Protein chains: 2
Amino acid sequence: MLLQGKRTWVYPKPPVIIATGTVVGPDEGEGPLASDFDLVHPDLEVGQPSWEKSERVLLEQASDIALQHAKLSKDKLSFFVGGDLMNQIISNSFAARTLGAPYLGVFGACSTSMESLAVASLMVASGAGEYVMAGTCSHNCTAEKQFRYPTEYGSQKPPTAQYTVTGAGASIVSGEGDGPVITAATVGKIMDLGIKDPFNMGAAMAPAAVDTIQGHFQDTGREPGYYDLIVTGDLAGVGHPIATEMLRRNGVPIEQTIFHDCGLMIYDVDKQKVQAGGSGCACSAVVTYGHLLKRIRKGELKRILVVATGALLSPLSYQQGESIPCIAHAVAIEAQNSNRQGGAVQ
Amino acid sequence: MLLQGKRTWVYPKPPVIIATGTVVGPDEGEGPLASDFDLVHPDLEVGQPSWEKSERVLLEQASDIALQHAKLSKDKLSFFVGGDLMNQIISNSFAARTLGAPYLGVFGACSTSMESLAVASLMVASGAGEYVMAGTCSHNCTAEKQFRYPTEYGSQKPPTAQYTVTGAGASIVSGEGDGPVITAATVGKIMDLGIKDPFNMGAAMAPAAVDTIQGHFQDTGREPGYYDLIVTGDLAGVGHPIATEMLRRNGVPIEQTIFHDCGLMIYDVDKQKVQAGGSGCACSAVVTYGHLLKRIRKGELKRILVVATGALLSPLSYQQGESIPCIAHAVAIEAQNSNRQGGAVQ
C-alpha cells in the first residue's frame with residue numbers, strides 16, 4: 001500500500017530523479033538563479049513565428065537536455081507525463097509527438113509541474129514504468145494572450161498581478177540511479193474561497209497551498225522541521241504572506257527561514273518589472289529542477305517539499321462570473337543519502 | 001512490475017469497476033442505447049444559464065449516481081481523476097470542487113475517458129488509492145462553440161464531421177467488490193499523419209487507434225480473438241473503416257463482427273442528423289459505462305477492449321496551420337469470472 005493517510009503516496013523505495021533539463025527566457029536569465037539553468041534564451045521568440053511555437057520549442061529543448069544528462073535515447077522512455085497552460089495543452093501534445101514516447105496528458109495549471117512529477121513517481125514506484133519523464137512549460141506571451149491581454153496591447157497591470165515565467169522544465173524518474181529521490185507526494189483538493197480576479201492569482205491559490213501542506217503533514221506524520229525548505233510554486237508577493245499567516249492561524253507555523261516561493265526566487269522582484277513575482281507552469285519547474293535539485297546535489301539542502309500551486313480558471317469561466325478553483329500538489333524530494341527518521345534510506 | 005512490453009500495464013490482481021453513472025442529453029436519449037443510461041435529459045440546457053454550466057452539471061450528476069450505486073459517500077473517494085474537452089478542463093475542475101476529493105486533472109481530448117480509467121486502475125492496482133473515481137463529460141453546444149462555430153450560428157457541416165455527444169460518464173474503481181475487472185491498460189503515443197481538417201477527426205484519429213491496438217497485442221501477447229468486442233471511441237463512419245483497413249494491411253485483421261465504434265453505436269446514424277456519427281469525451285464513456293458494462297454484467301460479453309481516441313488539437317493550433325496530433329488509450333475490461341488464458345482469474 002503506497003497510500004498513507006488520505007491522499008499521500010509514500011514510497012518504501014523512493015524513485016530517483018536521474019536527470020533534469022531546464023530552459024528559460026531572457027527575463028529569467030537576468031534573475032538571481034540564471035546560472036542554474038541549462039539554457040538561457042536571449043529573446044522570447046526562440047526563432048519561431050508564433051509565441052505558441054516558441055513555447056513548444058522550450059519544452060522540446062528541456063526534454064532533449066534531460067535525455068542527454070541521463071545519457072538515454074528517447075526510445076528508452078517508458079512514458080512522458082506532461083501538461084501546460086495552453087488550451088488543450090498543445091505545447092505538451094506537440095512535444096510528445098516529437099518525443100514519440102507513450103504519453104499521458106495532465107492538467108493542473110501551474111501545479112502541473114508537481115502533478116506530472118507525482119504521477120511519474122507513482123508509475124516508477126509501482127513498477128508501471130522504467131524511465132518516466134515529467135515535463136511542463138509556459139511562455140509569458142502565450143499565457144498573457146490566452147488568459148488576459150496580448151502583450152502587444154501593452155495593457156497596464158495591477159501590483160497584485162504576476163509575471164508568467166518563460167521556460168520549460170523536464171525530469172526523468174527511474175527506480176535506480178544517482179540523484180535526489182522522491183519520498184512522498186500529496187495530491188491536492190480544489191480550494192475556492194470565492195476570488196474572481198485573474199490579476200490576483202496569488203491570493204486565490206494561497207488556501208490550496210495551505211490545505212495541501214497541512215494534508216501532507218497529517219498524512220505523513222512529518223512536521224515542518226523535517227524539511228530544510230518548503231517552497232510554494234507561484235504564490236508570489238501577495239499570496240505567500242497570506243499562506244504564511246493562514247498556516248500560523250491553523251496551528252502549523254512554518255519559520256520564514258525555511259518557507260519560500262519559487263515565484264519570489266526566480267526574479268529580483270524589487271528590480272525587475274514582474275509585479276508581485278513569477279507564475280506559470282515553468283516557474284516551479286525550472287526553480288525545482290534547475291536551482292533546488294542542484295542545491296540538494298551540492299549538499300546544501302537535504303530535504304525539500306515543493307508545493308506547486310495552480311489556478312484552474314479558464315477565460316470563459318472568468319467571463320461567466322465564476323470564482324477561481326485552485327489546487328496544489330506537493331512532492332517531497334530528498335538527498336539520496338538523507339537518513340533522518342522517515343526519510344529515504346537507500 | 002506492472003509494465004508489460006513497452007507501454008501496457010497488466011494487473012495480476014485486476015481492479016474492479018464497482019459502480020458507474022451515466023447521464024446523456026436528448027439526442028442520445030433518442031438513440032438505440034437510450035435505455036442503458038441512468039439519466040436522460042429531455043433538453044440540452046439542464047436548467048442552466050450557459051452550455052458550460054450544463055456540461056458541468058452532467059458530470060456532477062454522473063458522479064453522484066456512481067456514488068449512489070456504490071453506496072459510498074463522496075468523502076470515501078481516495079481520488080478523482082478526470083478531464084474534458086473544455087479549455088483548462090473547467091467542467092472537471094468545477095465538478096472536483098463539488099466532490100471535494102483529491103483531484104488529478106488529465107487531458108487526452110476524447111480519449112480522456114480511458115486515460116482517466118487507466119490512471120485510476122493503476123492507482124488502485126498499486127495500492128495508491130482505495131476508491132478512485134474516473135470521470136469525463138462533453139456537451140454538443142460547448143464543443144461546437146469552442147472548436148468550430150457556436151450552434152446558434154447554424155453553420156452547415158460536411159458529412160465527414162461528427163456530432164459531439166452530450167453526456168457524462170463516471171466510474172468507481174476499487175481493489176475489491178463486484179463488477180467487471182480491468183485486466184490491462186495500454187497508453188497511446190501521438191500519431192499525426194498530417195490531417196489538418198477539424199471537420200474530419202475520424203480520419204485523423206484512425207492511425208492512433210491502430211497503433212494502440214497493435215501495441216496492446218504486442219505487449220500482452222493477446223490476439224484479436226481474445227476479445228468478444230473491440231470498440232474504438234469515436235472514429236465514426238469515416239474513421240472506423242480506415243482503421244479496419246489499416247489493421248488488415250498491417251497483418252492484424254479484426255473481424256467486423258467483433259470490431260465496432262462507440263460513435264456509431266450511440267446514434268441511429270442513418271436516421272439521426274449526426275453526420276458521420278458521435279464523438280466527444282462522453283461518447284466512449286457513456287457507451288462503455290452504460291451499455292457495454294451492462295452487457296458484461298448480463299453475461300453477453302466476457303472480454304472487451306475499449307480504445308478511446310482523441311484529437312489533441314486546439315482552435316489556435318488549427319488556425320496556425322498545424323496538423324492534428326492524435327492519441328488512443330486502451331483499457332481491457334473483463335467479466336470477473338472470466339478465465340480464459342491470460343484473463344482475470346479472481
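This one's a predicted model, so the numbers in the text were calculated from it and none came from an experiment. Numbered from 1 within each chain, the chains take letters A, B, ... in sequence-line order.
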How long is the span from the [atom1] atom in [X] to the [atom2] atom in [Y], to the nearest 0.5 Å?
| X | Y | atom1 | atom2 | value |
| --- | --- | --- | --- | --- |
| A:K189 | B:L99 | NZ | CG | 11.5 Å |
| A:N87 | B:Q146 | CG | CD | 6.5 Å |
| A:D75 | B:K6 | CG | NZ | 7.0 Å |
| B:L3 | A:S78 | CG | OG | 5.5 Å |

**Prompt:** side-chain contact (heavy atoms from CB on, under 4.5 Å) between A:Q88 and B:L313: does it pass, once the steps are laid out?
**Reply:** CA-CA 7 Å; A:Q88 286 76 43; B:L313 82 167; over 6 Å; no
**Among the listed options B:I90, B:T98, B:L122, the residue most often paired with chain A at heavy-atom distances under 4.5 Å** =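 Sorted descending by pairs with chain A, the first entry is B:I90.
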**Prompt:** When heavy-atom pairs shorter than 4.5 Å are enumerated against chain A, which of B:G105, B:G83, B:G100 gives the highest number?
**Reply:** B:G105
Are [X] and [Y] side-chain neighbours, meaning at least one heavy-atom pair lies under 4.5 Å?
| X | Y | answer |
| --- | --- | --- |
| A:F80 | B:V187 | no |
| B:Y103 | A:I327 | yes |
| B:R97 | A:S323 | yes |

**Region of A:Q4 that comes under 4.5 Å of a non-hydrogen atom in chain B** = neither
**Message:** Counting only heavy atoms not in B:Y149 (residues, nucleotides, ligands), do more than 12 fall under 6.0 Å from its OH?
**Reply:**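 No, the 6.0 Å shell around OH holds no more than 12 heavy atoms from other groups.
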**Message:** Within a 6.0 Å radius of atom CZ on A:F199, are there more than 12 heavy atoms belonging to other residues, nucleotides or ligands?
**Reply:** yes
**Asked** Can B:K145 and A:L316 be said to form a side-chain contact (heavy atoms from CB on, under 4.5 Å), step by step?
**Response** CA-CA 12 Å; B:K145 171 178 165 182; A:L316 195 144; 4.2 Å; yes
**Message:** Is B:L312 close to chain A through its backbone or its side chain, or both, or neither, when contacts mean heavy atoms under 4.5 Å?
**Reply:** both
**Message:** Between B:Y11 and chain A, with a heavy-atom cut-off of 4.5 Å, which part of the residue counts as in contact: side chain, backbone, both or neither?
**Reply:**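 No part of B:Y11 comes within 4.5 Å of chain A.
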**Prompt:** Under 4.5 Å, heavy atom to heavy atom, which residues of residues 44-58 of chain B contact chain A?
**Reply:** B:S50, B:E52, B:K53, B:R56
**Item:** Residues of residues 124-137 of chain A contacting chain B, heavy-atom criterion under 4.5 Å, by residue number
**Value:** A:S126, A:G127, A:A128, A:G129, A:E130
**Message:** So if I take each residue of residues 106-120 of chain A and look for any heavy atom under 4.5 Å from a heavy atom in chain B, which residues do I end up with?
**Reply:**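 Residues A:V106, A:F107, A:E115, A:V119 are the ones that qualify, each having a heavy atom under 4.5 Å from chain B.
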**Message:** Taking side-chain hydrogen bond (donor to acceptor under 3.5 Å, both in side chains) as the definition, give me every residue that meets it alongside A:T8, ordered by chain and number, with sequence neighbours left out.
**Reply:** A:T186, A:D219
**Request:** Pick whichever of A:S317, A:S314, A:G215 has the most heavy-atom pairs under 4.5 Å with chain B.
**Result:**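 That would be A:S314.
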**Item:** From CA spacing to verdict: side-chain contact (heavy atoms from CB on, under 4.5 Å), B:H329, A:L104
**Value:** CA-CA 9 Å; B:H329 300 295; A:L104 287 176; 4.1 Å; yes
